[in-house]
Number of protein chains: 2
Amino acid sequence: MLVERAAEMLARREPVTLRALVAGTGASTMAVYTHFDGMPGLWRAVRQEGFTRLARRLDEVETTDDPVRDLAALGAAYLTHALADPALYRVMFDAAADLDDPDEAARSFGHLVAAADRARRAYRFRDDADPAAVATRYWAAGHGLVMLVLTGVLPFEALTAHAPAMACAEFVAAGDDPRRSAESVRSGWAGVELERPVGSDSRRPGDV
Amino acid sequence: MLVERAAEMLARREPVTLRALVAGTGASTMAVYTHFDGMPGLWRAVRQEGFTRLARRLDEVETTDDPVRDLAALGAAYLTHALADPALYRVMFDAAADLDDPDEAARSFGHLVAAADRARRAYRFRDDADPAAVATRYWAAGHGLVMLVLTGVLPFEALTAHAPAMACAEFVAAGDDPRRSAESVRSGWAGVELERPVGSDSRRPGDV
DNA sequence: ACCCTATCCATAGCAGCGCCATGTATCGTT
DNA sequence: AACGATACATGGCGCTGCTATGGATAGGGT
C-alpha cells in the first residue's frame, strides 16, 4: 500500500515525492490521483495512518484499578508512539485537523478522558474536575514536550526528565494527592523505556 | 528587507516562493543566494526574525515583586506573540534548533529561568525546584497548547480556558501555594486579551 | 588617471516537483 | 460475447529552487 510505503520513506528520512513514492511499486504516478486525489490526499491518508497506529497503541494499554496510573501509562504509550516514528508524528500534527476520519483521533483522546473520569469517580481528582479539560491539558503538555524534543530544541533526555513531572503537575492540579500521584506515575511508567530516535531531525520548511 | 517581506507574506498566508519573494522588490532571485545562501538560509533568517520579535516582546514585560505573576505575564506575552503571526510561529519551531544566533532564543528562555529563580528565592517555589526545569516545563506546556490551537486541533477558546490552569499546575508543582498561584496568574494575565488569528490555519505538508 | 580586483546582481536555463489530459488495458456486469 | 466502468501508463505543462555565466559598479594601489 502506498500509505505504508510513504510512512516507511518518512521513517527512513527519504524525501517523499510523488515519483519516488511510486517508483519500484510498478505503479505510476496516476495511482496517487485515482486513490488519494493527489498528494494532499495522500498526506491526509498518512496522517490518518499515524492516528490509527496511535489508537492501536493506546488500545493495548491495560486498564487497572489505579486510573492515575493508567493516565501515566497512556502518556508513556503516547510518547513511545511519537518516538517510534518522529517524522510521522510531525506529519500527523502538521494539519491534524484535516483527517479522513476524525473519530479515530477522538477515540484516542477518549482514552484519556475516560481515565480522567475514572480518576474523578475514584475520588483521586476533584469532583468538579472536568475530565475533558484534564485530558486536554495533559495532552497539550505532552505534545509540547515531545515536539520540542523532536525538533531538536530540547535534548532527548528532556523527555524522561520532564514528562513524569509534568504529568504529576496536571494530576495534582486536578485534585490528586502529590505523593499518591507520584507513585501512580512511577507505576504507569514502569517498564517503559523510551528509545532515542535514530537520527536528529533537522527538517527545513519545504522539506517533507 | 527580504526577511520582513517573507514574514509579511507568511502573515498574509501567501506561498513564500523565491520568485514571488523578490518580485516587486527590484531585486532578482540571486539576491537570496548572495545574502542568505539560498532558501534554507532565508528560512533560517525568518526563524531568527521570529525569535527576535519574541525576545522584544518578552523584554517589555515588566518585572514586579511577584515573580509568579511575572511568569504568568511572560507566558501571556508568549501566547500573544504566537497569535500575532501564527504562520511565523510555526516556521520558528519547524526547525528551531537551526538558527543563526541561538543565543537570542536562549535569552528569551532566560527570562523564564530568571523569573523562576526569583520565585524560588522569594520562597514561592521549593528550594530544590530547579529554575531551568520549571521554565522548560512551563514553556513546553504552553508550546503544546498553542501549537494544538494553531493547527486547528483545539479551538481558539482553548487558550484562555487552559493556559492559566496549566501555568498554575506547573507553579504549584514547583512549590507555590495553589491559592496564591491562582491569584498571581490572574494578575499576570490581567489586561491581556488574546486575539483570534484572522483565519484558521489549514496548511498541508509541502506548503510553506 | 588608470587599471585591477572584488562584490553584487540580472539573465537564462537546468533538473526536479505536483499535476493532469489523453489513450489504453483490465475487470465485472448483463 | 459485448458493453460500461474503472484503473493505469505515457507525455507534457507550469511551477519550484538553484546556479553558470557575464555585466555593472565601486574601491584602492600605483
Side-chain angles (χ1 to χ4, degrees), chain A residues 1-50 87-88 90-92 94-100 201-208, chain B residues 1-50 87-88 90-92 94-100 201-208:
Chain A
M1 189 48 141
L2 286 177
V3 175
E4 274 87 3
R5 183 170 163 82
E8 286 173 19
M9 296 176 70
L10 228 34
R12 265 188 242 119
R13 283 174 173 67
E14 300 170 3
V16 181
T17 92
L18 174 59
R19 288 173 174 79
L21 180 68
V22 299
T25 66
S28 89
T29 63
M30 276 304 292
V32 174
Y33 289 86
T34 57
H35 292 300
F36 302 100
D37 196 35
M39 285 301 279
L42 175 79
W43 286 119
R44 192 159 3 131
V46 168
R47 285 194 295 275
Q48 192 74 52
E49 167 72 14
L88 179 59
R90 294 189 64 173
V91 169
M92 282 171 64
D94 219 50
D98 181 30
L99 291 174
D100 290 324
D201 202 33
S202 66
R203 293 190 328 159
R204 284 181 175 76
D207 287 9
V208 174
Chain B
M1 188 51 141
L2 287 178
V3 176
E4 274 87 5
R5 185 171 161 81
E8 286 172 19
M9 298 177 69
L10 227 36
R12 265 188 242 120
R13 284 173 172 69
E14 300 170 3
V16 181
T17 94
L18 174 59
R19 287 172 175 80
L21 180 69
V22 298
T25 66
S28 89
T29 63
M30 274 304 292
V32 174
Y33 290 85
T34 57
H35 293 300
F36 301 101
D37 196 36
M39 284 302 281
L42 176 77
W43 287 118
R44 192 168 38 231
V46 168
R47 284 194 296 274
Q48 192 74 51
E49 167 72 14
L88 178 61
R90 294 189 65 174
V91 169
M92 282 170 65
D94 221 48
D98 181 30
L99 291 174
D100 289 323
D201 202 33
S202 65
R203 294 190 330 159
R204 286 182 173 74
D207 287 10
V208 175

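All heavy atoms count here, side chains included; hydrogens, waters and symmetry mates do not. Reminder, nothing fancy here: chain letters follow the sequence lines and each chain counts from 1.
The separation between B:Leu21 atom CG and D:dC15 atom C1' is 16 Å, rounded to whole Å.
The closest side-chain heavy-atom distance from A:Phe36 to A:Val3 is below 4.5 Å. Side-chain contact between A:Leu42 and A:Leu21: present, with at least one pair of heavy atoms (C-beta onward) separated by less than 4.5 Å. Within the 4.5 Å cutoff, the side chain of A:Asp94 has heavy atoms near those of the B:Arg90 side chain. Residues A:Leu18 and A:Tyr33 form a side-chain contact, since some pair of their non-hydrogen atoms from C-beta on lies under 4.5 Å apart.
Taking side-chain N and O atoms only, B:Thr34 has a distance below 4.0 Å to OP1 or OP2 of C:dC9. In this model, the phosphate group of D:dT6 is not approached by any side-chain N or O of A:His35 to a distance below 4.0 Å at OP1 or OP2.
Counting non-hydrogen atoms of other residues, nucleotides and ligands closer than 6.0 Å to CG of B:Asp100 gives a total above 12.
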Protein within reach of the bases, or only the backbone? For nucleotides 14-29 of chain C, mark each nucleotide 5' to 3' as B, S or -, using heavy atoms under 4.0 Å.
---BBBBB--------
